[in-house]
Amino acid sequence: MSRTVLAIHGGCGVLPRAEMTVSMAADFRQGLEQSLRAGWAILEKGGPALDAVEAAVLVMEDLPLFNAGHGAVFNAEFGHELDAAIMDGADLRAGAVAAARAIRNPIRAARAVMEHTDCALLAGEGADAFAKQHGLEVVEQDYFSTEWRRRALVRMKVMEKDGTQKAATEAQKHGTVGAVALDARGHLAAATSTGGYTNKRLGRVGDSPILGAGTYAEDGVCAVSATGKGEFFMRKLLAYDIAARIKYRGETLAAACDALVQGELRRPGWFSGAGLVAVDAKGAIAMPYNTEGMYRGAVGSDRALSVAIYGD
Ligand code: ASP
């Protein structure tokens with residue numbers, strides 16, 4: 001019997017401590033707890049990891065706090081394009097959508113791509129049309145919009161003009177939500193959903209829907225969901241690299257994750273604000289990040305639920 005565990009993140013684009021009020025921190029923590037509870041309710045009944053990660057991500061897509069679904073960041077054209085992926089470690093089945101503009105819950109569409117097509121990734125209009133055909137809820141773009149994300153875009157455009165955009169905070173720039181789980185039958189799964197980067201170019205797709213980059217799960221090895229600058233994660237195949245280190249080099253989950261997040265992604269010229277949640281086949285959990293914080297939470301093998309934002 002394996003140890004059932006669940007870990008989630010709401011992105012490493014956290015508000016700087018100085019800007020985080022007590023009531024905002026309480027909202028984030030409550031959102032994370034809600035997500036964990038949704039996933040854990042499935043796992044504790046012996047349900048599949050795949051259902052648990054979908055349910056956990058779905059909660060965060062619906063909350064305006066996180067950069068996914070409702071509350072997603074704006075792209076450079078004052079619109080939203082959403083990416084998501086889900087992967088089943090049992091048989092490496094996976095589905096993803098990229099640059100979707102009308103799907104209320106991209107993670108649901110990712111799962112439908114996995115279950116009802118022979119594709120792994122559908123993009124743009126095709127993804128939206130597919131979701132509609134499959135009876136998933138479609139919405140107007142303003143469903144995703146929130147005032148603070150609009151202000152973040154306006155600020156980013158000013159910074160771009162001044163050439164100071166590098167000084168933007170992680171919270172102004174990005175975020176993502178994700179979940180990984182190990183179920184009672186020993187199956188692993190991962191799910192990730194994001195609006196990407198504030199002011200991103202129209203058509204830009206990040207790492208989240210790219211299997212092996214921002215999302216990966218393989219039974220017997222690990223499940224990973226990442227957050228941070230997706231361009232770096234695609235170039236390094238971050239999530240798969242962690243799996244490969246465990247599988248071929250026998251590294252522990254913690255060592256493999258740290259080698260990337262605290263090592264390779266911090267090399268000069270490669271610095272990337274990065275974080276991830278990962279679980280391995282024995283139920284070990286890793287939640288490393290190299291930013292000021294990462295919205296995150298877990299239910300470990302002791303069944304205790306915990307959430308955190310910064311390092312303490
Ligand atoms: N990884 C996401 C992307 O590049 C953004 C993030 O996680 O903050 O689209």
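Every heavy atom of this structure was used, including side-chain atoms; hydrogens, water molecules and symmetry mates were not. As the structure lists them, so they are numbered: ligands from 1, and atoms in each ligand from 1.
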Can you tell which of G228, G206, G10 gets a heavy atom nearest to atom 5 (C) of ligand 1?
G228
Contact (N/O only, under 3.5 Å) between T227 and ligand 1:
yes
Any atom of ligand 1 sitting under 4.0 Å from a heavy atom of R204?
yes
Look only at interatomic distance and state if D207 has a nitrogen or oxygen under 3.5 Å from any nitrogen or oxygen of ligand 1.
yes
Any donor-acceptor pair under 3.5 Å linking the side-chain atoms of S208 with those of T192?
no
Are the side chain of K247 and the backbone N or O of C222 linked by a donor-acceptor pair below 3.5 Å?
no
Looking only at protein heavy atoms, what sits closest to atom 8 (O) of ligand 1 is H174 ND1, 2.3 Å
Students often mix this up, so state it plainly: with edges at 30° and 60°, are the rings of F66 and F28 parallel, tilted or perpendicular?
perpendicular
Just to check, does G175 reach to within less than 4.0 Å of ligand 1 when the distance is taken from its heavy atoms?
yes
Tell me the contacting part of M294 for ligand 1: side chain, backbone, both, or neither, using a 4.0 Å heavy-atom threshold, strictly below.
neither
Between H80 and S145, do the side chains contain an N or O donor and an N or O acceptor separated by less than 3.5 Å?
yes
When you measure from the side chain of E231 to the backbone N and O of D207, does any donor-acceptor pair fall under 3.5 Å?
no
Only heavy atoms of G230, strictly under 4.0 Å: list the atoms of ligand 1 that pass.
4 (O)
For G214, state whether at least one heavy atom is located under 4.0 Å from any atom of ligand 1.
no
For the pair T176 (side chain) and A226 (backbone), establish whether a donor and an acceptor sit closer than 3.5 Å, ignoring hydrogens and angles.
no
Main chain of L15, side chain of E292: is a donor-acceptor contact present, judged purely on distance under 3.5 Å?
no
Could you identify the single nearest non-hydrogen protein atom to atom 6 (C) of ligand 1 and state the distance to 0.1 Å?
T176 OG1, 3.0 Å
